[in-house]
Amino acid sequence: MIQTVRGTRDLLPEDMPLWHRVEEVAREAFRRYGFREIRTPIFEKTELFARGVGESTDIVHKEMYTFVDRARADSEGESLTLRPENTASVVRAYLQHKMFADKSPGELTRLYYIGPMFRRERPQAGRYRQFYQIGVEVMGSSDDPAIEAEVIEMLSWLLQELKITNTTLLINSVGEPASRASYVETLREALKAQLDKLCADCHHRYETNPLRVFDCKVASCQAVIADLPTITDSLDDASRAHFEQFKAHLDARGLAYTVNPRMVRGLDYYTRTAFEIVGHDGLGAQNTLIGGGRYDGLSETLGGPPTKGFGFAFGLDRMVMALPEAEAQRLRANDAPDVFLVFLGDAARQHTFQVARDLRAAGVSVALEFEDRKMKKAMTAAAKSRARYALIIGDNEVSSGQYGLKNLATGEQESLSLGDIIAKFK
RNA sequence: GCGGGUAUAGCUCAGUUGGUUAGAGCGCAAGAUUGUGGCUCUUGAGGCCGUGGGUUCGAGACCCACUACCCGCCCCA
């Protein structure tokens, strides 16, 4: 039997109401905050991600689905990649369509996206090779921290609307590229003296990406980590001032946060503000719900004019997992037909098709089966469909034009004309 | 790439020191009940026991290999 490729999965009808709900709430949040949708291609030239995300990152290094396109007579096949994330593509589109050109100073471009991304990682709880992300990007000439606070305010509303409570907002500033680079050296110096106390993984991190040592879960490493210098101490003055303003904006909006000076970003393009919203319920080891930050240099990296940028992304797979059970049940229960048509005998069967058409034309969600069954069986099918009502159509009903409408939850039944029934569902 | 776990009915799982016909609950089907579902009772259908090899008189069980899935690590939004 052919099955799904490792790390991919089918999203079955039972779960779709949950996915739709997250998408619907997100779109509503974006509408209220002035974001407009953009859809970029699912694959791009490999170079876009190599430059945008960063050559040295693991994503580019070993986690991309890259393939060479078919060669033509006049050219080599070019290297293409299924998008591992969407920020680089959105910035590319922003530049390609010169969205900055008709803007006045300080005017922002607010974009959002929803769609699948691909990473060739080992799957685990809440992590798939084809996963779905929702994200926004704010681009323009301004890097006002009020932008950041407003976006986080929007996320706060979104989580509340989804009934996802018990989350924590973590913030940090990773500074300008220059101050970040000097901090990495400071950190490497500090680690050098304690190398003998670190685990094998951290030895590797010391070489490749010292910032990652902070994420180590080994107890002996944690002891060392506690005494390491933080990036906060190395911040340049402008970044420090920017971060202070950002916090003041959060305070003014009543948004609670925890400063985590050890929270760093893996992708090359991040500058200054970084944030995460972590969940605590039912997410396994993958408890980061939302991650984002500022990426002021990305446009230039991709050959565009100096542009400020700020954005976030969250995984739909994981957000759906984080929905509380009660909310999930409510959403699934709502995903049911309005009425299930039960008919008895061949004459009623023909008549039922007409009734179904009239109800549907009036906007009612109608379920029915085509088999002529005993009433008992038909009622069982009606209950199984989870329809709110069963509409009973036998010879008596056909001749009288009065149908039995039974509320399947309460068991109450009344006799109504088709017009009355349609009115009831309006 | 590395580590641990699991693989038996549609689903969730039992299955004793290796023993003859592989079980339960839920679900599904039929009936009790020929125009009224849910509850109850009765009956039934449904299994290459992940795949391949080995040990044995005999393997769902023990050994080896493989594959798949799950969880975690690496990495990361």
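Small disclaimer: the values here were computed from a predicted structure and weren't measured. Because only heavy atoms are used, hydrogens play no part in the values below, and waters and symmetry mates are left out as well, while side chains stay in. We name chains A, B, ... by the order of the sequence lines, and we start the count at 1 in each one.
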Trainee: Would you please name every residue forming a side chain to side chain donor-acceptor pair (under 3.5 Å) with Asn172(A), sequence neighbours left out?
Mentor: none
Trainee: Please determine whether a side-chain nitrogen or oxygen atom of Arg205(A) lies at a distance below 4.0 Å from atom OP1 or OP2 of C75(B).
Mentor: yes
Trainee: Do Arg318(A) side-chain and A77(B) base share a donor-acceptor contact under 3.5 Å?
Mentor: yes
Trainee: Could you give me the stems involving RNA chain B, meaning stretches of three or more consecutive Watson-Crick or G-U wobble pairs whose two defining distances are both below 3.5 Å?
Mentor: B:1-7 with B:67-73, B:10-13 with B:23-26, B:28-32 with B:40-44, B:50-54 with B:62-66
Trainee: Pick from Leu155(A), Ile152(A), Ile171(A): which one makes a side-chain contact (heavy atoms from CB on, under 4.5 Å) with Leu255(A)?
Mentor: Ile152(A)
Trainee: For the rings on Tyr112(A) and Phe30(A), is their centre-to-centre separation under 6.0 Å?
Mentor: yes
Trainee: Which one, A29(B), G37(B), A68(B), comes nearest to the side chain of Leu408(A)?
Mentor: G37(B)
Trainee: Could you check whether Arg127(A) gets within reach of a base, just the sugar-phosphate, or nothing at all, counting any heavy atom under 4.0 Å?
Mentor: base
Trainee: Just to verify, what does Asp201(A) make a salt bridge (Lys or Arg N to Asp or Glu O under 4.0 Å) with, not counting sequence neighbours?
Mentor: none
Trainee: With a 4.0 Å cutoff (strictly under), does any side-chain N or O of Gln124(A) reach OP1 or OP2 of C71(B)?
Mentor: no
Trainee: Has the side chain of Glu397(A) got a donor or acceptor atom sitting under 3.5 Å from an opposite partner on the base of G35(B)?
Mentor: yes
Trainee: The side chain of Ala383(A) is closest to which nucleotide in this list: G37(B), U36(B), C76(B)?
Mentor: G37(B)
Trainee: So does Arg122(A) get a side-chain nitrogen or oxygen closer than 4.0 Å to the phosphate oxygens (OP1/OP2) of G1(B)?
Mentor: no
Trainee: For a side chain to side chain donor-acceptor pair (under 3.5 Å) check, start with the C-alpha distance between Gln130(A) and Tyr132(A), then their side-chain angles and the critical distance, and finish with the verdict.
Mentor: CA-CA 7 Å; Gln130(A) 175 172 339; Tyr132(A) 296 81; 2.8 Å; yes
Trainee: Answer yes or no on whether Arg119(A) is positioned over the face of Tyr65(A), meaning its NZ or CZ is under 6.0 Å from the six-membered ring centre and within 45° of the axis.
Mentor: no
Trainee: Distance check, P atoms only: G25(B) and C41(B), in whole angstrom units.
Mentor: 11 Å
Trainee: Regarding Ala274(A), tell me which of base, sugar-phosphate or nothing describes its non-hydrogen contacts under 4.0 Å with the strands shown.
Mentor: nothing
Trainee: Between Arg6(A) and C69(B), is there a side-chain N or O to OP1/OP2 distance below 4.0 Å?
Mentor: yes
Trainee: Does Lys406(A) contact U36(B) through a side-chain donor or acceptor facing the base, at a distance under 3.5 Å?
Mentor: yes
